[in-house]
Each structure stands twice: as C-alpha cells, then as structure tokens.
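Remember, predicted model here, so these are calculated numbers, not experimental data. Numbers for residues simply follow the sequence, beginning at 1. Computed from heavy atoms alone, side chains included, the values below leave out hydrogens, waters and symmetry copies.
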Amino acid sequence: LSQTPLIANARLYGHGITASYGEMCYHDNSLVSASLEALIQHLVPTVDYYPDRSYVFTFLLSSRLFLHPYELMTRVCHLCVEQQRSGDALLDKIRFREVAPKLVQLLTEWTETFPYDFRDERMMRCLKDMTHHVARGDEYSWRAMQQMTQRLIKRLSALGQYEEAVAALNTVAMERPASLKSKQASGQRSDVLSVCDDPFVLAQQLTHIELDRLSFIGPEEFIQTFAMKDPLENHKGFFRKRKTSNLEAYVSWFNRLSYLVATEICMPVKKKHRARIIEFFIDVAQECFNIGNFNSLMAIITGMNMSPVARLKKTWSKVNTDKFEILEHQMDPSSNFSNYRTALRGATQRSETAHSSQEKIVIPFFSLLIKDIYFLNEGCASRLPNGHINFEKLWELAKQVSEFLVWRQVICPFDRDRRILQYLVTTPIFSEDELHLASYESEGPENNMEKDSRRSLRSSLLHRENRS
C-alpha cells in the first residue's frame, strides 16, 4: 500500500493539493489521515522501501492510543515476513535476507526510542522470535539484533535501578524525625544555608536532579496518560505496570522542591534568619533562570508563594523583593504564560546554537508541558468522521514530544556535590498543616480566623503524633 501507491484522486484544497493514495490522505505531500490498517502497513519495510524516520517516531509514539504496542509489533513483524513469501523456499530465504537489515533498523529505532515498551514480556518474546527468524536468513542482521537486545536490556536494567533509587530516597524523606515536629527543636536540624550558601552551586545541583530525572521519562508516557481509560488497561504487563511512573515521579519532585523551599523559610525561629533564606532562594531562582532550568525556578516561586510563607509580612519587610518580582513576572501565568514561553523560546534558540554543554540546557516548566500536550489531545479528535485516524494531530503531538527528547538528552556539565544532592532529595519537609503551624509560630495569628486555625492545627497534629 505504502510502497506502490496509486493516486485515487487529487483535488485543490484551500491553498494546496489533497491527494488520496489508497486509504491514505495527503495534503501538500504531508500525511493528514489514514485508516489504522494503512498506517500499520506504512510502517512495514520492504526490500526497496523504508518508512521516513519522522513517520516511524510519530506512529510508534501515538499508535498506543489505538492499539497495544505488542499488537502493533506482532502485526508489523508478521507482515514483514509474509510479504517475502512466494511459495519457493529458496527464493523466500533470499528475499528475507534482503529485507532483514531494514527490519532490524526499524526494531532498533523502536527499542532505542521506546525501550519501556519492552518491559512487557510479550514484547521481549516477540523480539526473541524475530531474532531466531533473522538468524535463519542473515547472520549479519542476527548479530545486529543481538547487540540491539543487549543495549535494550542494559537500558531497562538502568531504569529498574533508577526507580528503586527514587523509591528508596522517598522512603528516607518520609521518615519524619522529631526535630521537624516543632520549631523549638529545629536547632537540631541543619538548614539549607549550612549545607550550601552559594546560590549558583545550589542551582547547579538542582539542575543535576532535573536532568537525571528527565532522562528516565519515556516519550510514550506523555501519550499513555491519555490511554489510561483504554479497555486495554485490563491487559497484564504493559498497561498495568508503571505506565507513567517516571513522569509522575518528576511531577512529585517539583512538589517536593516547592515544599522544601517553604519548609526552609518557615523553620527558623529568628526573623532575620528567615529573611536571609528568602533572599538566598531568590538568588537560586535567578541562577536557575540563567541556566535555563525553568522547572526548578517555578518550583521555588511556587514554594515562596504558598500561603504559610506569603503571610510572613514582618519577614518579607526585611527582604529586597525587586529581583523576585522580576522572576515572578517571567513566570506569570497570564496570557497563557506568554512571558515564560518567550523565555523558553530564547533558551531553545540558545541551545540550538550552543558552543558549550551549559548553553544546551533547557529544562521546561514540566507541568505546563504536560498541560499543553493534554489540551492538544483533548481539543482535537483522534479519529475523523470517516473512521480515519487524524494524523495531523499525531504530527503535532510528536512535534511537542520530540522537542522534549532533545532537551532530555543533555548531559549536565556541572560538578556533582553529593552532600547537597542528598540534602535536596532526602531532608524531611513539612506537610501543609505543619507549614501553617510553623508559620503561626514564626509570626502569630493576625485575626480570629488564624487563631482558630492555629488551635485546630495544634490539636490535630498533637493527636497524629500521639497515634504514631
């Protein structure tokens, strides 16, 4: 279908030409819609055809909205083998030998771009079957398949270790020592300034954490967030197991950083010390902006705008807020975050012409990126009235996700400081209730509502402590 298309019809459409090739519809040579069967066929390599790389990425990314990756792989491999059958065993072997390198190329693109698809045992079994099949026809391709499988296993092993490490860090962070339960006992706890008093160094360590965690998010996790209510959810393996866990872990890191900032500000007993920590975090946020680390920047701003921090008027009166107001303006949500989007475009352009690793860094405000992809999916039908898949939408989804892939692969150029990194990811933080109570202990309630709030927080936290 895709290899020897016949034009069924062509007509003027707007300012271009729309043409149909079988069940595939193009506008100005760009694929705009097709049946699912035609799209699957278009992915299958032959002796004289290999799909365009951008098509491979786009369809592998979004096909999971319509069918399971295992189902797609089974059909692609089956079609690839079947198309070489002629009924003559010797001729079949020769034809398969010619197509094998292209099949290996396709599977290599799949395993390297979407390795997490292969956490499903059925996907690995299918890969193994194809390796045996290739071994019978072409030794060179068989070796390439073996190397590809080794790289895949190594990547999946690294992913497993990462997930275990994140779970272990979260467990440590959840262990809430007594020193956190009372501001009076906070002298027992080191604060951020005792661990690092250089804003640039702290911003660098935050950037390490961001890039580490970004690197483990699979591009398909963005799309799988929409596929959650899919009837395929009942399948064992792929859909049930860790479907978007690395994406969720990254969002959790943003929340942790916000709460860490608020905890550090609300913890000190002395107003002067609290003001110093606010000024320090403003400087860290500025350095994050300079680096291109917008996610940490937004997490810091979010933490400083939490109501337990924002209400500390006496503390804020000791702070020069000019720099903070400029940063807030940069991340202002009005006009759909237009200021931030301008800054992101600037950082992206800098990254594209970068002469150093540091200039390549672009870490987007992640929640907004997810939101953009979500609204693109929600605002546009995946299927057209004629049952065809809306491929224009899939191109758009792929465009947004592929930009993320470029940002994700940057290696952090800064030196690691293990002590600071450990502090940032494991030091205990206040819950929302604890933050409010710590804030009231820093600067007393200003009205009856705040007095009532402090009373009820004290009794509920005391009750919780007694139960634990």
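Between F366 and Y250, the ring center distance clears the sub-6.0 Å criterion. In summary, the aromatic rings of F324 and W316 are positioned with their centroids under 6.0 Å apart.
Between F216 and Y162, the ring-plane angle classifies as parallel under the 30° and 60° cut-offs. The aromatic rings of H436 and Y440 sit tilted relative to each other, their planes meeting at an angle between 30° and 60°.
Side chains of E109 and T113: no donor on one and acceptor on the other come within 3.5 Å. Side-chain atoms of S54 and D52 include a donor-acceptor pair closer than 3.5 Å.
Figure legend: R155 and F118 shown without cation-pi pairing, the cationic atom not lying both under 6.0 angstrom from the six-membered ring centre and within 45 degrees of its axis.
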Please tabulate, one pair per line, all N/O donor-acceptor pairs under 3.5 Å involving side-chain atoms of residues 145-153, not counting sequence neighbours.
residue, atom, partner, partner atom, Å
T149, OG1, M145, O, 2.8
R151, NE, E112, OE2, 3.1
R151, NH2, E112, OE2, 3.1

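The side chain to side chain donor-acceptor pair (under 3.5 Å) check on Q400 picks up nothing, with sequence neighbours excluded.
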Give the C-alpha distance, both sets of side-chain angles, the deciding distance and a yes or no for side chain to side chain contact (heavy atoms under 4.5 Å, CB included) between W395 and S30.
CA-CA 10 Å; W395 285 129; S30 178; 3.8 Å; yes

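Smallest separation of non-hydrogen atoms from F222 and I373: CD2-CD1, 3.7 Å.
Under the 4.0 Å criterion applied to side-chain N and carboxylate O atoms, R75 and E71 are assigned as salt-bridge partners. The pair K313-E443 fails the salt-bridge criterion, with no side-chain N (NZ, NE, NH1 or NH2) lying under 4.0 Å from an Asp/Glu carboxylate O. For the pair R119 and E163, the salt-bridge criterion is met [side-chain N within less than 4.0 Å of a carboxylate O]. Salt-bridge formation is detected for the pair E450/R311: a Lys NZ or Arg NE/NH1/NH2 atom is positioned less than 4.0 Å from an Asp or Glu carboxylate oxygen.
Residue pairs meeting the side chain to side chain donor-acceptor pair (under 3.5 Å) criterion with at least one member in residues 276-293, sequence neighbours excluded: T207-N293, D283-K323, Q286-N290, N293-S296.
Residue E264 forms a side chain to side chain contact (heavy atoms under 4.5 Å, CB included) with just one option from L193, V309, I277, I278, and that option is I277.
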